[in-house]
Amino acid sequence: MITLRKVTLQRGAKRLLEDVDLTILPRQKIGVTGANGSGKSSLLALLRGQLHAEAGDVDIQPGLRMAHVAQETPSSPARAIEYVLDGHVELRRVECALRQAEHARDHERAAALHAEYEQLDGYSARARAARILSGLGFGNAELERPVAEFSGGWRMRLNLAQALLRPSDVLLLDEPTNHLDLDAVFWLEDWLRRYDGTVLLISHDREFLDATVDSVCHLEAQSLRLYKGNYSDFERQRAAFLAGQQAMHEKQQRQIAHLRSFVERFRAKATKARQAQSRLKMLDRMDTVAAVHVATPFTFSFRAPRPASNVLLTLDRAVVGYGDTAVIDAVEITLLQGARIGLLGANGAGKSTLMKMLAGEIAPLHGQRREGKGLAIGYFAQHQLEQLRADETPLQHLMRLDRAAREQDLRDYLGGFDFRGGVADAPVGRFSGGERARLTLALLIWRRPNLLLLDEPTNHLDLEMREALSLALQDYEGAMVVVSHDRHLLRTCADELMLVDGGRLTQFDGDLDDYREWLARRRREQDQPEEEGSGPVALSRREQRRQEAEARNRAAGQRRPLEQALRALDKELLALGQRKAALESRLAEPDIYAPDKRDALKAALLEQSQVNARLTQAEDRWLELQGQLESL
């Protein structure tokens, strides 16, 4: 359907792809991954015809219909649903021609156009557009609002809705979840699974990729490689591939060393000169296998939080809102040291407004907000990216926070966020959204907060940075409240979930899978409302839902301690595995077997035995807990 042969792609002075081949098949769903700047978006632009290859051929099947999400949305007076229908260009063309034919009373032409309109499913197009907009978080009243009244994030949702409505054989999506909440992400996953065409999807959300793709195209070092399976399968395959490549590199280096040794020893001897020359030619012809380099550019951790009282922050019957508009009523929450809360709820439910109140940026309309002694808040929100000074460098931003710190220490710290060398001295005004997000996080972490408030912290971050942030948050010793559509982050970092819905903040007794089921059930009820009267059928339905909720809550209560124990065991297994590898490396060194190292050898062997025993016990316990969890 689409074939790339020996393609070289360049953007400006930077070469992105060189001599690459790729075949895309009908109905294939491909996740496009790679570091920021590796050429993912440029590859999609190449397929759309916006960029042209420097060399090679791009063969696209004639008549293939491609849809993509527009990056700009005009400030249009058109109503939202009409704007989405405008994306169906053929439908609009037929509608216009039909109006002209009817105005001219050309009945024969009008009849033909009515048949074409029906073939395009025109009579159901408005209903389909409304369903897509509902899935993406738009309420019924918002379908008739002018596009100009929506914010940038909601306009991007309108562009996404246009692309989904438009008939297509190939759908090109570049970070479609960036402006979505978790509810809309779940809906989009289901939509993509049902989509009958080919998908090329750029995303930094590993769970979203796992749920939607059957292949992964990974871009790295000006090449690309296609892996079968979802993102988790790709990670396993790539690890095995890199391990094999490293083994080949080491084997080749030994062979090269042997050949060079032979040449050095015998090239001056007349009887061996011919053989030495032969080995030199072998070295010249040898295709060098590169050593594997997979080190992440991000190496940071949270500094120890500032000391504070056990009760960090309390909201006592606080009414959350802005102006005279109440969004969440009578919020009761006490944040203690070590609390790790994930906030769930649809866009517009009030999660971000609640986060602003927790951060102290707005006051309660009624009720109280009380801070504990020593409270130090680290608040990350998207609007804070715009508060960075465009004319200052990352180093200058950090120096303003801590004028007593040594410059080299600050540079080393910024290096952990991949602001190295000249990048640390470059004006922030030139930075991308991802670079600004990384800098904002770096500045926040340097302040040593004991309460983290993170509102969509992974927007604009690539997979490697998301993983580094997730690992750092797992080791963070302070309290945390996070709003995120990144389920991997929520699963690994939040110990409890709270739901903002219907103007209330409540505990959600369940995990993210339960939340998905809860959303699906509510959507079904909204699509097919039950006519509940006072009869026994209505009562039995309510009773059934109540019993299901109780059963789900019991199961969630049983799962939570098992999941916490498994997370602790994962950390223990990782530490034991690293220690085992270090001991094996030490025991492989010849010097430890010297007579004067007898005590060190004895100690290493004893510790190796103890570590192996602890590993076996931990693995057995992990399998036991995992079995209990699966049985629930």
Side-chain angles (χ1 to χ4, degrees), residues 20 22-25 27-44 47 69 160 170-180 182 184-195 197-221 223-245 292 294-298 434 456-471 473-474 484-493 511-513 516 567 570 574:
V20 301
L22 178 66
T23 300
I24 300 171
L25 304 175
R27 296 183 178 83
Q28 195 171 12
K29 292 182 169 64
I30 301 174
V32 183
T33 65
N36 283 346
S38 60
K40 303 186 296 295
S41 297
S42 297
L43 174 62
L44 267 57
L47 298 179
V69 180
L160 176 58
V170 180
L171 185 58
L172 307 176
L173 297 176
D174 192 345
E175 290 290 354
T177 63
N178 260 2
H179 300 282
L180 302 184
L182 194 53
V185 169
F186 285 143
W187 178 88
L188 182 58
E189 274 183 11
D190 293 335
W191 193 95
L192 288 175
R193 279 197 289 261
R194 295 192 303 270
Y195 176 66
T198 297
V199 175
L200 271 81
L201 166 66
I202 299 173
S203 178
H204 295 309
D205 184 334
R206 62 178 57 234
E207 291 209 22
F208 186 70
L209 287 169
D210 269 346
T212 54
V213 306
D214 53 36
S215 305
V216 170
C217 176
H218 186 66
L219 278 66
E220 186 177 35
S223 66
L224 57 80
R225 180 180 174 89
L226 193 66
Y227 296 80
K228 294 291 184 185
N230 61 18
Y231 186 79
S232 295
D233 297 326
F234 152 71
E235 283 193 313
R236 287 190 289 270
Q237 293 175 56
R238 184 165 182 254
F241 170 75
L242 292 176
Q245 180 180 336
V292 172
V294 293
T296 174
F298 311 111
E456 294 293 357
T458 59
N459 278 0
H460 308 296
L461 300 183
D462 62 19
L463 276 159
E464 284 190 324
M465 181 60 188
R466 289 186 183 207
E467 185 63 19
L469 177 61
S470 173
L471 293 172
L473 286 172
Q474 289 174 51
S484 179
H485 64 259
D486 189 320
R487 280 159 289 170
H488 179 68
L489 185 77
L490 287 173
R491 289 187 200 277
T492 55
C493 299
D511 58 16
L512 290 175
D513 297 324
R516 182 175 194 141
R567 282 198 292 270
D570 283 334
L574 177 63

Test side chain to side chain contact (heavy atoms under 4.5 Å, CB included) applied to D205 and H488, step by step: CA-CA 8 Å; D205 184 334; H488 179 68; 5.7 Å; no

Results of ring pair (Phe, Tyr, Trp, His ring centres under 6.0 Å) for F234 - residues two or more places apart only: H218, Y227, Y231

Point-to-point distance, once rounded to the nearest 0.5 Å, from CH2 of W191 to CG of L171: 5.5 Å

Reported CG-to-CG distance for the pair D233 and D214, which is rounded to 0.5 angstrom: 10.5 Å

Pairing residues for R516 by the salt bridge (Lys or Arg N to Asp or Glu O under 4.0 Å) criterion, not counting sequence neighbours: E189, D190

Any donor-acceptor pair under 3.5 Å from E175 side chain to H460 backbone: no

NE2 on H204 to CG on L461, rounded to 0.5 Å: 8.5 Å

Counterpart residues, salt bridge (Lys or Arg N to Asp or Glu O under 4.0 Å), relative to E235 (two or more places apart): R206

Smallest separation among heavy atoms of L209 and N230, with atom names: O-CB, 4.2 Å

Nearest heavy-atom neighbours spanning V213 and G31: CG1-N, 3.5 Å

Flag side-chain contact, heavy atom, 4.5 Å: R487 against L182: yes

Partner residues of D486 under the salt bridge (Lys or Arg N to Asp or Glu O under 4.0 Å) criterion, sequence neighbours left out: R466

With S232 via side chain to side chain donor-acceptor pair (under 3.5 Å) - residues at least two apart: D210

Where Q28 and S215 come nearest, the two heavy atoms and their spacing: NE2-OG, 3.3 Å

With S203 via side chain to side chain donor-acceptor pair (under 3.5 Å) - residues at least two apart: none

Candidate pair I24 and L47, rule side chain to side chain contact (heavy atoms under 4.5 Å, CB included), full reasoning: CA-CA 11 Å; I24 300 171; L47 298 179; 4.3 Å; yes

Shortest non-hydrogen contact from C493 toward S470: SG-O, 3.6 Å

Where S41 and I202 come nearest, the two heavy atoms and their spacing: N-CD1, 3.6 Å

Side chain to side chain donor-acceptor pair (under 3.5 Å) partners for T458, two or more places apart: none

Partners passing side chain to side chain contact (heavy atoms under 4.5 Å, CB included) against L471 (at least two apart in sequence or in another chain): E467, Q474

Side-chain heavy-atom pair T212, Y195 within 4.5 angstrom cut-off: no

Taking every non-hydrogen atom, the tightest pair across L188 and P176: CD2-CB, 4.0 Å

Test side chain to side chain contact (heavy atoms under 4.5 Å, CB included) applied to L224 and V32, step by step: CA-CA 10 Å; L224 57 80; V32 183; over 6 Å; no

Minimum side-chain heavy-atom gap L173-V69 below 4.5 Å: yes

Backbone N/O of R27 and side chain of T198: donor-acceptor pair under 3.5 Å: yes

N178 side-chain N/O to N459 backbone N/O, donor-acceptor pair under 3.5 Å: no

Residues that S223 engages under side chain to side chain donor-acceptor pair (under 3.5 Å), provided they are two or more places apart: none

Chi angles and distances behind the side chain to side chain contact (heavy atoms under 4.5 Å, CB included) call for L226, I30: CA-CA 9 Å; L226 193 66; I30 301 174; 4.2 Å; yes

Pairing residues for S38 by the side chain to side chain contact (heavy atoms under 4.5 Å, CB included) criterion, not counting sequence neighbours: K40, L219

Partners passing salt bridge (Lys or Arg N to Asp or Glu O under 4.0 Å) against R491 (at least two apart in sequence or in another chain): E207, D513

Side chain to side chain contact (heavy atoms under 4.5 Å, CB included) partners for A35, two or more places apart: none

